[in-house]
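Residue numbers start from 1 in every chain, and the chains themselves are labelled A, B, ... in the order their sequence lines are given, proteins ahead of strands.
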2 protein chains.
Amino acid sequence: MARPDASGPRARLNRPSVLAAAVALADEVGVEGLSMRRLAQELGVVPMALYKHVRNKDELLDGMVEFLIGEIGDVGETEAAEDWKGRARTRVLAAREVLMRHPWARRLFETRSTKTGAVLDYMNSFAGILLSGGLSAELTHHAMHAIGGRMWGFTQELFEDEPSTPPQGPEAAAMMQEMAQRFPHIAAIASMEHDDSVVGRGCDDQFEFEFALDLILDGIERRHLSGWRSTP
Amino acid sequence: MARPDASGPRARLNRPSVLAAAVALADEVGVEGLSMRRLAQELGVVPMALYKHVRNKDELLDGMVEFLIGEIGDVGETEAAEDWKGRARTRVLAAREVLMRHPWARRLFETRSTKTGAVLDYMNSFAGILLSGGLSAELTHHAMHAIGGRMWGFTQELFEDEPSTPPQGPEAAAMMQEMAQRFPHIAAIASMEHDDSVVGRGCDDQFEFEFALDLILDGIERRHLSGWRSTP
DNA sequence: CTGCGCTGGTGTACGGCGTACGCCTTCGAC
DNA sequence: GTCGAAGGCGTACGCCGTACACCAGCGCAG
């Protein structure tokens with residue numbers, strides 16, 4: 001009775017609630033204003049309490065990315081009876097919608113390099129859209145890279161292999177087998193060297209970059225030559 | 001004679017030498033390992049000494065960007081007798097070459113948002129390449145934006161106006177006049193609404209994003225339909 | 001030659017950060 | 001009722017950026 005329920009004295013923390021609070025706080029003060037201490041204070045808790053739910057700040061940031069990917073999923077549901085191009089388009093625009101709601105998130109996506117399960121899931125399903133349209137694994141691979149180059153001269157590396165731990169022993173092979181099952185589309189576009197090796201060598205970064213660059217320049221030239229105008 | 005010249009006891013600091021040392025240090029320990037204290041130590045000087053040459057760490061970072069843009073200039077000299085597409089291509093690849101030499105720099109370019117003179121110079125000359133090819137100011141504007149979108153759903157904002165200080169009074173007009181003279185190409189593509197206003201309203205972000213997205217998707221589709229293979 | 005001001009390096013100090021480590025409370029299972 | 005684990009607490013450490021006051025040496029006016 002006297003138990004204050006709605007505005008309770010303190011709700012027990014858990015990982016999702018911590019992540020949600022972190023996202024909310026970042027919405028308020030930006031990602032550079034987000035600190036463990038500040039977040040703890042927002043939750044009415046001492047800083048070290050957070051470490052019971054999150055290994056460290058990096059993992060908190062990764063968790064926030066995960067959280068946002070969840071939001072993308074919520075947005076981009078009805079992408080049924082379109083061709084691959086339309087589906088890819090609406091998917092990207094759904095992602096964009098989420099990113100626009102959380103302006104700080106762009107930085108976060110750019111910064112984080114570790115690929116959590118959620119990130120791989122997203123990439124996998126995106127690759128799936130292209131593959132289901134009949135695009136070859138090769139073209140899909142390069143297309144994935146193409147969506148992200150810039151005038152300054154670099155490409156967002158999607159598959160930054162970091163081969164510090166090259167496939168070693170039979171248990172590694174088993175793990176890759178499992179990966180291939182969980183992320184079949186990624187597996188399909190990751191290997192193009194031989195049909196048997198599921199996860200191939202890293203890709204030729206320079207090639208990817210020039211592929212994307214030429215894609216853009218060709219498209220611009222085509223529009224230029226056909227007298228493109230913004231208001232047709 | 002006894003004056004130790006080459007390995008002197010202490011060379012006087014100045015802004016360029018501080019920036020160069022910062023770049024060198026970042027090459028060693030990465031940009032996240034770069035701290036004012038560490039940099040000072042590397043220069044054999046007390047941390048606060050740096051603040052005589054750089055207002056704060058943000059300005060140091062901006063200065064490093066400047067420094068790298070200088071390197072791009074050194075690389076991309078011989079871009080004479082090509083068409084606009086070729087010149088844009090070699091320019092971008094020159095930028096890329098520099099970025100590859102300093103892997104940490106990509107993050108830095110993505111993070112920094114303030115446009116120093118060097119940045120504007122670079123953008124201006126890049127726009128100049130496109131304009132000199134006969135591209136309309138409109139198409140050039142969108143093309144600049146297009147070189148930098150990604151699957152996650154955002155575009156690198158080149159002209160993030162942040163209209164906190166909208167053009168006010170006659171002295172602002174004078175400043176814009178000066179801008180237009182120093183960066184004529186940027187002025188040309190920044191305004192497309194009326195021929196008289198030199199610096200127009202901010203641009204439609206959503207339009208830019210979809211322009212770039214369609215550019216890429218169209219290009220991929222074209223390659224797909226014509227049976228593109230990586231080894232022709 | 002003297003004194004003075006300016007430029008640039010120094011020393012100290014403060015508040016904020018991430019987080020290691022150990023203690024204490026709470027609560028569900030038995 | 002007991003116990004063990006899970007979760008929140010307190011303290012402490014070593015980094016960080018940087019404000020502020022001070023001082024060394026040099027160029028120059030007198």
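- The phosphate of D:dA6 (OP1 or OP2) has no side-chain N or O of A:H53 nearer than 4.0 angstrom.
- B:R37 pairs by the salt bridge (charged side-chain N to carboxylate O under 4.0 Å, His left out) definition with nothing, not counting sequence neighbours.
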Could you give the side-chain donor-acceptor pairs of residues 18-26 of chain A under 3.5 Å, partners two or more places apart or in another chain?
none

Quick one: which protein N/O atoms are closer than 3.5 Å to N/O atoms of nucleotides 15-20 of chain C? Pair and distance per line, please.
unit_1	atom_1	unit_2	atom_2	d
C:dC17	OP1	A:S35	OG	3.2
C:dG18	OP1	A:M36	N	3.3
C:dG18	OP1	A:K57	NZ	3.0
C:dG18	OP2	A:M36	N	3.0
C:dG18	N7	A:R37	NH1	2.3
C:dG18	O6	A:R37	NH1	3.0
C:dT19	OP2	A:Y51	OH	2.9
C:dT19	OP2	A:K57	N	2.9

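- Every pair passing side-chain hydrogen bond (donor to acceptor under 3.5 Å, both in side chains) that includes a residue from residues 43-56 of chain B is listed here, sequence neighbours excluded: B:R55-B:E59.
- As rounded to whole Å, 13 Å separates atom C1' of C:dT7 from atom CG of B:N14.
- A straight line from CG of B:L39 to C1' of D:dG17 spans 13 Å, rounded to a whole angstrom.
- D:dA21 atom C1' lies 10 Å from atom NZ of B:K52, rounded to whole Å.
- The interatomic distance linking B:Q41 (CD) with D:dG17 (P) rounds to 13 Å, in whole Å.
- Shown here are the side-chain hydrogen bond (donor to acceptor under 3.5 Å, both in side chains) partners of B:S35, two or more places apart in sequence or in another chain: there are none.
- Not counting sequence neighbours, the partners of A:D58 by the salt bridge (charged side-chain N to carboxylate O under 4.0 Å, His left out) test are A:R112.
- B:L25 has its CG atom 11 Å from the P atom of D:dC16, to the nearest Å.
- Salt bridge status for B:R101 with B:E71: present, with a side-chain N to carboxylate O gap under 4.0 Å.
- B:L50 places its CG atom 12 Å from the C1' atom of C:dT10, with the value rounded to the nearest Å.
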